[in-house]
Amino acid sequence: MRPNIFDIATKELNQDAFITWLLQFADDNYQSVDQHLNKCGKTFVTQLIQKQNPNFNETISKVEAGRQWENIDVWAEVNDKYLIIIEDKTHSNQHSNQLARYKETAEKWCENNNYENPICIYLKTGNESQTSLNNIQKQGFSIFSRIDFISLLDQFKEATNNIFVDFYERLTRIEKSNNEFENKILKDWNGNDWQGFFQFLEKEIYVDWGYVNNPNGGFWNAVLNWDYWNDYPAYIQLEEGKLCFKISTDPDEVELPEDMTRGEVRNQLHDLIMTKANDFGLNHIRRPDRFGRGNYMTVAIVDRENWLGYDNDIINKETIVKTLTDYLNFLRETIK
């Protein structure tokens with residue numbers, strides 16, 4: 001495989017540059033420069049506007065686009081009538097109320113310049129949980145996903161421009177890697193496989209997933225539920241290979257009685273789960289190797305081979321969904 005500039009230039013700023021470059025090609029002035037890129041750019045602009053105005057069908061003729069206006073990653077003025085703002089993300093997530101600030105800035109600009117309401121886009125070429133994306137949509141931003149981008153570029157894959165080809169090939173490789181978990185043995189799984197697996201699960205079971213960064217190197221995790229036992233959040237979390245029954249004593253979520261310690265609360269739920277597991281014949285639920293003392297504590301564990309598979313196994317998705325559903329029902333019955 002030949003060198004790919006976007007395998008080298010992996011930062012979000014470089015993706016910002018590609019998006020801006022493609023938007024600029026949508027202007028009529030560039031029809032004679034590269035017909036394929038001009039048509040692709042126009043289609044890109046149309047699809048972005050249609051994310052928030054589904055009936056939009058105007059001809060795209062004038063487009064000005066740039067980067068880093070009022071901290072907004074990418075902006076585009078279209079036909080002297082529409083303003084598109086894009087928050088561009090590869091692997092990071094939105095933070096610090098930034099989307100609300102950007103939307104307010106764009107709305108004020110549109111009002112002052114007699115433009116339509118701004119088109120607010122959250123463009124994501126990496127992975128993010130659907131729970132997180134739903135929250136972004138509630139803030140008035142529409143999602144333009146990696147699948148959306150690949151579908152767009154696929155319509156114009158006869159383009160020969162090296163920048164276009166490199167970006168398209170990199171996105172399709174990322175998408176392929178995201179789905180390889182279905183046919184890989186478990187010992188070969190990496191972060192991409194866990195992300196793809198969690199994306200599958202969120203379509204079958206409620207899952208909020210993401211990356212936990214810690215001094216030991218971090219891991220991908222998925223929370224399957226958020227129920228309550230004696231006012232304490234009790235939930236199942238998949239920590240890559242381990243299925244963990246956990247409890248939260250985070251002071252932002254619950255207030256500990258003065259005569260109770262975190263350890264005592266943890267031990268009570270542990271004892272309850274182990275007793276009920278014996279009653280239900282769930283012999284794979286075991287005590288953790290050691291108990292923690294933090295805000296979020298593991299009270300019981302199921303090892304990977306007992307819910308997902310062994311090193312040389314390829315997963316059976318349907319069986320795993322049933323197994324996880326059974327464990328969820330068990331926890332809810334136990335803490336009811």
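Here the side chains of K317 and E182 are in contact, with some heavy-atom distance below 4.5 Å. Residues L123 and E87 have side chains not in contact (no heavy-atom distance under 4.5 Å, counting atoms from C-beta outward). Side-chain atoms of M274 and V299, non-hydrogen and from C-beta on, never get closer than 4.5 Å to each other. Annotation: side chain of N225 is in contact with side chain of I236 (closest heavy-atom distance under 4.5 Å). Between N316 and E318 there is a side-chain heavy-atom pair separated by less than 4.5 Å.
Taken to the nearest 0.5 Å, the CD1 atom of I301 stands 10.5 Å off from the CZ atom of F245. For the atom pair CD of E333 and NZ of K276, the computed distance is 7.5 Å after rounding to the nearest 0.5 Å.
Under the 30°/60° scheme for interplanar angles, the aromatic rings of W194 and W189 are found to stand perpendicular.
Checked against K42 for a side-chain contact (heavy atoms from CB on, under 4.5 Å), the options L37, D28, V63 give a single hit: D28. Between D311 and the options K184, K187, R304, a salt bridge (charged side-chain N to carboxylate O under 4.0 Å, His left out) holds for only R304.
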> Which is it for N192 and E180 under the side chain to side chain contact (heavy atoms under 4.5 Å, CB included) test, yes or no, and what are the steps along the way?
Replying inline: CA-CA 8 Å; N192 291 329; E180 288 179 342; over 6 Å; no
> Does the pair N178 and Q199 meet the rule for a side chain to side chain donor-acceptor pair (under 3.5 Å), with working shown?
Replying inline: CA-CA 9 Å; N178 198 64; Q199 284 182 312; 2.6 Å; yes
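Side chain to side chain, N134 and Q130 meet the donor-acceptor criterion of an N or O pair below 3.5 Å. Residues T125 and Q15 bring a donor and an acceptor atom of their side chains to less than 3.5 Å of each other. Remark: the Q35 side chain and the Y30 side chain contain no N/O donor-acceptor pair separated by less than 3.5 Å. Side-chain contact of R146 with N127: a donor-acceptor pair under 3.5 Å is present, judged by distance alone. With 3.5 Å as the limit, one finds a donor-acceptor pair spanning the side chains of D208 and S129. There is no side-chain donor-acceptor pair under 3.5 Å between D154 and S151.
Looking at residues two or more places apart in sequence or on another chain, you find no ring-ring contact (aromatic ring centres under 6.0 Å, His included) involving Y206.
Other residues, nucleotides and ligands contribute more than 12 heavy atoms inside 6.0 Å of the CG atom of N112.
Note that K103 lies outside the cation-pi zone of F141, set by a 6.0 Å cut-off to the ring centre and a 45° limit from the axis.
In this structure, N113 contributes its side chain and Y115 its backbone to no donor-acceptor pair below 3.5 Å.
Legend: ring pair (Phe, Tyr, Trp, His ring centres under 6.0 Å) pairs involving residues 269-299, not counting sequence neighbours, sorted by first then second residue: H270-F291, F280-F330.
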Pairs under 3.5 angstrom only: tabulate donor-acceptor contacts from the side chains of residues 78-86 to other protein residues two or more places apart or in another chain.
from, atom 1, to, atom 2, distance (Å)
N79, OD1, S61, N, 3.0
N79, OD1, S61, OG, 3.2
N79, OD1, K62, N, 3.1
N79, ND2, T59, O, 2.9
D80, OD1, K62, NZ, 3.2
D80, OD2, K62, NZ, 3.3
K81, NZ, E58, OE2, 3.1
Y82, OH, E58, OE2, 2.5

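With respect to the salt-bridge test (charged N to carboxylate O, under 4.0 angstrom), the residues D148 and K51 qualify.
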